[in-house]
Amino acid sequence: MVHLVCVSPVRLSSSSSRPRPGVAHRRCCLALASLCFALLGQLGFSLLCPRSASDSAGQWLRFKFPITKFTHSSKFKFKFASTAALAHFNDSHNDFSESEHSSSSSSSSYCSSNNITNDNIKEESFHIVKSLQNNPSLAFSFFTQLKQQQFVGFPENISTYAAIIRIFCYWGLNRRLTFVFLDLIALSKQHPSFEIHDLFELLLDDGGVNGGNHNYMLRAIDAYVKACIVLKMFDEAIDFLSPTRRHSVVPNILTCNFLINRLVENGKVDMALAIYNQLKRLGLCPNHYTYAIVIKAFCKKCELEKAVYVFKEMEEARVRPDSYCYTAYIEGLCNNMSEMKLVGAEIMFSNMIKKGMVCQHVYSALTYGYCKSHKLSKALDLYEDMRSRGMFLDEVAYNIVFSALCKLGEVDDALDMVEDMKAKRMVLDIKHYTTLINGCFLRRQLVDAFAMIREMKEKGLKADIVTYNVIAAGLSRIGWAQDAVDLLDEMETQGVKPNSITHKRIIEGLCSAGKVVEAETFYQVGR
DNA sequence: CTAGGGTTAG
């Protein structure tokens, strides 16, 4: 095994002559890296444990994989400011100039000891991650491997986390940063003595990541706040936006938008509006998306006048509303449906057309409004209008149209459109199938209905409670009461719990099939 | 940071 690792060192050409690596190259490199790490896992960790601290296993990686550069020019060397906490680690590998490296010398040193202690893994992992600072991709896969083998423990190995965070901050790999923080949050829950704030203190020891440049620190804060939001830890996210926690860094409006939007979606509308007001007090400028979310928030509270007032606020702030803002309001009108409001939505829609601001989404919103108020032919007219403008339907919009067509009893048209979707390589999901199955049953097109059910299952889609209710209703309606009852068995094996609608449909089926006694028993004791 | 869709009611 060791032999295999050392046979063919990769020759590194000088950085100036090598073309910039493309995405494919990077992917390839990453794949190669994971492969080798997997190999390492099998070998045990001994390969990565050199005799001396300076003889880092990072060197092993260096001759094994060409060092890839990301978008930064090589003039920008990663500056890894030392901290008091990290001072005992050897910093000699900061500079990763890609000089020719004699590979043969290191072959023996990596297969040294077999008796690895947790301590040297800790030390080495920090060391290796740090030495891969010019290759974030590789650093990340190494880190992932460490985690999979549970070598990144807590709270002892906080420095390895700090190292990986610094690297990702520097390279602006925000998504990966968020993943690291998701991890950290999970770990900090296992180890209550550790607080994320301690980690930030560590990062701040340098005066910020990378020599006090707040842009880097901001990335770490954003990523952490985002991770909190994803985990619905809203209080923690909000707490971090407070002046004492921000470390005098101004929060990013995009992150704030993300927070406010998720708050609204989770029904915490008042909290969202409070944050919005706080942002304004902080002097942060909301952008058009912020305003759109606020419009949505007021609509959700049924305070449509206040939603209108937001447009005024935008005018004062000289932020031009975009199609999303208008759509948010149209959606609000459609959801708080009344004849008058629908007219309001139509007026705003035609204004959008005049301004050349229509987007696909506004069509969905208004179509949905028409469907809800049973103006199905208007909905279909709108669909035609949309096609005439060369807009295309996406998956969700297709389903809105399907649902309108099915209610009109025009399932065949819907089924034709399914073929269009497939021709466009669009994938149907469980909601499409539910709509269509329902439509087929309503028209008593049983062959189509069962074909749809089969197709859905063949594609590996699992029916959920709504789908089962639709099927139960369909079976009952066509008089197949026993099959509706039997559906409960299938639901049980699929782990879907029937609800009151399911039972209601089954009882209806039994009653209309004349099986009143069975219906009564079912009502009394269930199945 | 970018939304929206499927059952149901005398």
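Protein chains get the first letters and strands the later ones, always in sequence-line order, with residue 1 at the start of each.
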Whole angstrom is fine here: how far is it from [atom1] in [X] over to [atom2] in [N]?
X: A:L487; N: B:dT7; atom1: CG; atom2: P; result: 17 Å
X: A:N469; N: B:dT8; atom1: CG; atom2: P; result: 9 Å
X: A:Y468; N: B:dG6; atom1: OH; atom2: C1'; result: 15 Å
X: A:M421; N: B:dG5; atom1: CE; atom2: P; result: 16 Å
X: A:E331; N: B:dT2; atom1: CD; atom2: P; result: 14 Å
X: A:M417; N: B:dG5; atom1: CE; atom2: C1'; result: 13 Å
X: A:M452; N: B:dG6; atom1: CE; atom2: C1'; result: 14 Å
X: A:F402; N: B:dG6; atom1: CZ; atom2: C1'; result: 12 Å

Could you tell me whether the side chain of [X] has a donor or acceptor atom within less than 3.5 Å of a complementary atom in the base of [N]?
X: A:D394; N: B:dG4; answer: yes
X: A:D464; N: B:dG6; answer: yes
X: A:S364; N: B:dG5; answer: no

Would you mind classifying the nucleic acid contact of [X] as base, sugar-phosphate or nothing, using non-hydrogen atoms under 4.0 angstrom?
X: A:T435; value: sugar-phosphate
X: A:L259; value: nothing
X: A:R505; value: sugar-phosphate
X: A:I400; value: sugar-phosphate
X: A:Q360; value: base
X: A:T502; value: nothing
X: A:N438; value: sugar-phosphate
X: A:N252; value: nothing
X: A:V466; value: base

message = Measuring from the side chain of A:Y368 (C-beta onward, heavy atoms only), which nucleotide among B:dT7, B:dA9, B:dG5 has the closest atom?
response =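 Comparing B:dT7, B:dA9, B:dG5 against the side chain of A:Y368, the answer is B:dG5.
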ask   = Which of these nucleotides, B:dG4, B:dT2, B:dG6, is closest to any side-chain atom of A:V396?
value =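 My answer, after comparing the listed nucleotides, is B:dG4.
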request  = Find the distance between CE (A:M417) and CG (A:N399) and round it off to the nearest 0.5 Å.
outcome  =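 The CG atom of A:N399 is 10.0 Å from CE of A:M417, to the nearest 0.5 Å.
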ask   = Can you name the residues that form a side chain to side chain contact (heavy atoms under 4.5 Å, CB included) with A:E313, not counting sequence neighbours?
value =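 Listed in chain order: A:Y276, A:K280, A:Y291, A:Y309.
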ask   = Are any side-chain N or O atoms of A:H503 and backbone N or O atoms of A:S500, one a donor and one an acceptor, separated by less than 3.5 Å?
value =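 Pair absent, no side-chain N/O of A:H503 close to backbone of A:S500.
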request  = Indicate yes or no for a side-chain donor-acceptor contact from A:D198 to the backbone of A:F194 under 3.5 Å, with no hydrogens or angles considered.
outcome  =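 Checked: no pair found.
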Presence of [X] side-chain N/O under 4.0 Å of [N] phosphate oxygens OP1/OP2:
X: A:R477; N: B:dT7; value: no
X: A:Y289; N: B:dT2; value: no
X: A:Y433; N: B:dG5; value: no
X: A:K504; N: B:dT8; value: no

message = Please verify the inter-ring angle class for A:Y363 with A:F349; under 30° counts as parallel, over 60° as perpendicular, anything in between as tilted.
response =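 A:Y363 vs A:F349 ring planes: perpendicular.
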query = Between A:R443 and A:D412, is there a salt bridge with N-O shorter than 4.0 Å?
reply =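 Salt bridge flag = no for A:R443 with A:D412.
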